Participant: 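Starting off with a structure, shown below.
A, B, ... follow the sequence lines: proteins, then strands. Residue 1 opens every chain. Predicted model, so just to flag it, every value in this text is computed and none were measured.
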Amino acid sequence: MLDHLPKRENKPRQSGVTMVMDKGLGVRQAQDLVETSGHLIDFLKLGFGTSYVSRKVKEKIKIYQDAGIKVYVGGTLLEAFLVRNQFDDYLKYIAALGCDTVEVSDGCFQLASEEKCRIISRLANHYTVLSEVGAKEETVHDPDPGLWISSMKAELDAGSSFVIGEARESGTVGIYEKNGSADMALINAILDNVPAGKIMWEAPLKQQQVWFIRLLGPSVNLGNIAPAEIAPLETLRLGLRGDTFFESLPEELKKRKQ
Amino acid sequence: MLDHLPKRENKPRQSGVTMVMDKGLGVRQAQDLVETSGHLIDFLKLGFGTSYVSRKVKEKIKIYQDAGIKVYVGGTLLEAFLVRNQFDDYLKYIAALGCDTVEVSDGCFQLASEEKCRIISRLANHYTVLSEVGAKEETVHDPDPGLWISSMKAELDAGSSFVIGEARESGTVGIYEKNGSADMALINAILDNVPAGKIMWEAPLKQQQVWFIRLLGPSVNLGNIAPAEIAPLETLRLGLRGDTFFESLPEELKKRKQ
Amino acid sequence: MLDHLPKRENKPRQSGVTMVMDKGLGVRQAQDLVETSGHLIDFLKLGFGTSYVSRKVKEKIKIYQDAGIKVYVGGTLLEAFLVRNQFDDYLKYIAALGCDTVEVSDGCFQLASEEKCRIISRLANHYTVLSEVGAKEETVHDPDPGLWISSMKAELDAGSSFVIGEARESGTVGIYEKNGSADMALINAILDNVPAGKIMWEAPLKQQQVWFIRLLGPSVNLGNIAPAEIAPLETLRLGLRGDTFFESLPEELKKRKQ
């Protein structure tokens, strides 16, 4: 009904992808989420090990998948299997849950790059793979963009559909400084060397979502969005919230603003 | 059962009004909210443009209205229609949703005062009107109380039922400083010139709710309350939470406190 | 399925107890919570006076109790009855709700130690009693550990099942500094003198939960956990989240981490 809104691809889509983090929603909450916002969500992550300690997980996964949302368990859980030398049990675990997607990360249990890529390749035969780059520890704010870039390229080559820039739920590590502000030098270096469409940026805080939409437009891929922030994020993408209202307007309408 | 509680008007009420911000709740969450706290809520705002990007909105509005809650869409959405010269489409949009209330703001798309009042008057023929004063931009912390006062008076004259002191969801602009603390000079100047009963103060943060209840008592009108904070806010009004426990007691009971 | 996870007692349990704060959930939210996380929750507190201002409270209490969760109303509400000299009405109130547990606190209305212990003893005949030590006021950061220790000992002797270290919902008073960090001197002094298994630490913020799990292991008793943080807390206890991933591993697996 509103004219001149920024264009958005419909699902299933390759750009402007949104990934939500579910860290223990109930079945009714999942139903609420897909009914009101299912068309806005592309991926859903059962954050870190919450799928392992919660009940009703299979029921929830079914609800999400029926709404056209790809579902996976947090990469930290894969790492918990890997550090115990239980990769085969991990495969059984996600098969039993009915996941269609996996996340490969090494934020806690560091893997050699070749080993990580071997895991990605193997999983890519059966699953959509997202792989995450960047450590989770706040003390290790690694400013070497070269390492980020080479990892991302190798992991895309190995079969990842998207590479994820780590931020945790808190938004204070990886691609962000401790205060939550974006590490612009790192992000710009990545954007100069890795196709922007293949990167999903974790952006749990509103200021981070606004920052990326201003930098890369409404079709930036964003992740670690809280369930309650899915509809608000879409308004940011479309300029229907104060923070991006003005920059989302076409030039001729901007002039109308006094 | 508890004696000496602060007095509260019953719904529908003119004082001690509470406005909640829904930024994408599901139908079951809305049912939960009205069942447990419907008697505590006077107005419900479908925040900024979330009504435009979500589904099941009409169903939710019906649930709220059946509980005696007045419902409207965020003023930013009206501004998105106005900047596109689509005011008639806005009227169709809110009629189709079944809204009974409107918010007129110019936080993003600035209107001349006469124009804003003309819109208020026109809408007041068919809707309960709330109008909002104050810019959304953090860079424009306008300390000129004269402008706030003249706008509020003109908009009440034009037909607004309440004028709203802007704070956004974050509580860091308008009537608040960047750190969320109240701009006392501005607020006192407003209170000296505008009837307190006609003002609704946006107070998303608990410290702000406490501050206003201490300043103006349990019957202050407060808005932009998160759904999960509705029952907690009522305990603040009644002195059933630590922050206002002592000041809510009658004098003779205060002495009992050691 | 995962080997070498930290051991956890099953419910009903005496150690590793988790207390959640409900400050106004609806019936459906309560159902969601017990279905997904009921096995992770030992106590549920209807925070401060929210049980007094909300509806559907009895229905919710039944849902929680049917899931093996002990339920009580916030200590502030008892204090609101006490300051009005309405203790008998308090007894009627919790009996009508069907509570099985009580919290005795004096964070707002200070009681002499003997009086507080007399109330604990009387209630302990009919209810599980939790008693809370520490003032709610931010201005009263009382660093005298001797007072904390003698109160905790006396209250355990009087019949409390657990003594609670006060933090409020904000996590910025009592056992914490204003910035939310733990008051280590106070906590260490308490641990030197009071059995750790009889203490429940209020730890609403994730950093506080991590801090206590690192200090006292996965079986520390923690309280004031938000409903949405119950599953995440369990992953912290088990080392299935980045923050405690490494320290939760047995020694032989720690070596695998590069």
Side-chain angles (χ1 to χ4, degrees), chain A residues 21-32 46-57 59-60 73-86 88-90 92-94 96 105-112 115 135-138 166 168-170 172-174 226-228, chain C residues 1-6 8 11 16 18 20 25-41 63 67 205-207 209-210 218 225-258:
Chain A
M21 191 209 267
D22 166 345
K23 50 182 197 172
L25 296 185
V27 166
R28 293 163 196 77
Q29 290 171 309
Q31 289 169 323
D32 267 348
L46 302 166
F48 28 93
T50 52
S51 65
Y52 195 84
V53 304
S54 300
R55 291 177 179 164
K56 296 274 178 186
V57 176
E59 287 87 332
K60 269 203 306 182
V73 303
T76 300
L77 191 57
L78 166 59
E79 298 180 54
F81 278 95
L82 286 176
V83 73
R84 289 167 172 84
N85 217 3
Q86 290 185 268
D88 287 347
D89 287 326
Y90 169 77
K92 285 178 208 159
Y93 177 77
I94 59 171
S105 62
D106 65 339
C108 297
F109 177 58
Q110 227 181 314
L111 297 168
E115 173 69 2
K136 287 193 183 299
E137 294 172 53
E138 298 199 5
E166 166 74 81
R168 296 186 69 171
E169 194 206 352
S170 60
T172 56
V173 300
Chain C
M1 200 170 203
L2 277 166
D3 301 330
H4 309 293
L5 282 184
R8 293 274 286 135
K11 281 176 66 175
T18 295
V20 62
L25 295 185
V27 166
R28 293 162 196 79
Q29 291 171 309
Q31 289 170 322
D32 266 348
L33 185 62
V34 301
E35 281 180 9
T36 56
S37 304
H39 57 299
L40 307 177
I41 304 169
I63 291 168
L205 306 182
K206 191 189 81 165
Q207 68 182 90
Q209 299 159 16
V210 170
I225 312 299
E229 300 299 327
I230 289 295
L233 170 61
E234 192 69 15
T235 65
L236 288 175
R237 291 185 187 273
L238 296 181
L240 299 178
R241 190 174 183 180
D243 311 77
T244 57
F245 184 93
F246 185 64
E247 46 269 71
S248 301
L249 294 175
E251 288 308 314
E252 68 268 25
L253 290 185
K254 276 184 187 161
K255 288 178 205 133
R256 293 201 64 205
K257 192 168 186 254
Q258 285 120 26

Participant: Around C:Arg8, counting heavy atoms of other residues, nucleotides and ligands shown, do more than 12 lie under 6.0 Å from its CZ?
Facilitator: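 Yes.
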Participant: Which heavy atom of C:Gly242 sits nearest to which heavy atom of A:Cys108, and what is that distance?
Facilitator: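 The pair with the smallest heavy-atom distance is CA-SG, 3.5 Å.
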Participant: Of all residues at least two apart in sequence or in a different chain, which pass the ring pair (Phe, Tyr, Trp, His ring centres under 6.0 Å) check with A:Tyr90?
Facilitator: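 Scan of A:Tyr90 (ring pair (Phe, Tyr, Trp, His ring centres under 6.0 Å), adjacent residues dropped) gives A:Phe81.
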Participant: Select one option (side chain, backbone, both, neither) describing which atoms of C:Leu40 are under 4.5 Å from chain A's heavy atoms.
Facilitator: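 Contact with chain A is through the side chain of C:Leu40 alone.
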Participant: Donor-acceptor pair, A:Tyr52 side chain versus C:Met1 backbone, under 3.5 Å?
Facilitator: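 A pair under 3.5 Å: yes.
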Participant: Give the member of A:Arg84, A:Lys56, A:Lys92 that has the highest number of heavy-atom pairs under 4.5 Å with chain C.
Facilitator: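 Max contact count across the listed options: A:Arg84.
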Participant: I'd like to know which of C:Ile230, C:Asp32, C:Leu5 tops the heavy-atom pair count under 4.5 Å against chain A.
Facilitator: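 Among the listed options, the one with the most contacts to chain A is C:Asp32.
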Participant: Nearest 0.5 Å please: distance from the NZ atom of A:Lys60 over to the CD atom of C:Glu35.
Facilitator: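 So the gap between those two atoms works out to 11.0 Å.
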Participant: Can you name the closest pair of heavy atoms from C:Ala231 and A:Gly24 and give their distance?
Facilitator: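 Distance-wise, the nearest heavy atoms are CB-CA, 4.4 Å.
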Participant: Once side chain to side chain donor-acceptor pair (under 3.5 Å) is applied, do any residues pair with C:Glu251, and if so which ones, sequence neighbours excluded?
Facilitator: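 Side chain to side chain donor-acceptor pair (under 3.5 Å) check on C:Glu251 returns C:Lys254.
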Participant: About how many Å separate OG1 of C:Thr235 and NZ of A:Lys23, when rounded to the nearest 0.5 Å?
Facilitator: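 Here the interatomic distance stands at 9.5 Å.
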Participant: Is there side-chain contact between C:Leu240 and A:Leu77, with at least one heavy-atom pair below 4.5 Å?
Facilitator: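 Answer yes - side chains close enough.
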Participant: Between C:Gln31 and chain A, with a heavy-atom cut-off of 4.5 Å, which part of the residue counts as in contact: side chain, backbone, both or neither?
Facilitator: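 Interface part for C:Gln31: both.
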Participant: Where do A:Val53 and C:His39 come nearest, in terms of heavy atoms and distance?
Facilitator: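 That closest heavy-atom pairing would be O-NE2, 2.8 Å.
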Participant: For A:Leu82, is it the side chain, the backbone, both, or neither that has a heavy atom closer than 4.5 Å to a heavy atom of chain C?
Facilitator: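 Answer is backbone: N, CA, C or O of A:Leu82 sit under 4.5 Å from chain C.
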Participant: Would you mind reporting whether A:Arg28 and C:Gln29 have side-chain heavy atoms less than 4.5 Å apart?
Facilitator: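 No, every pair of side-chain atoms sits at 4.5 Å or beyond.
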Participant: How far does CZ of A:Phe48 sit from CG of C:Leu236, to the nearest 0.5 angstrom?
Facilitator: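 Answer for the CZ-CG pair, A:Phe48 versus C:Leu236, is 7.5 Å.
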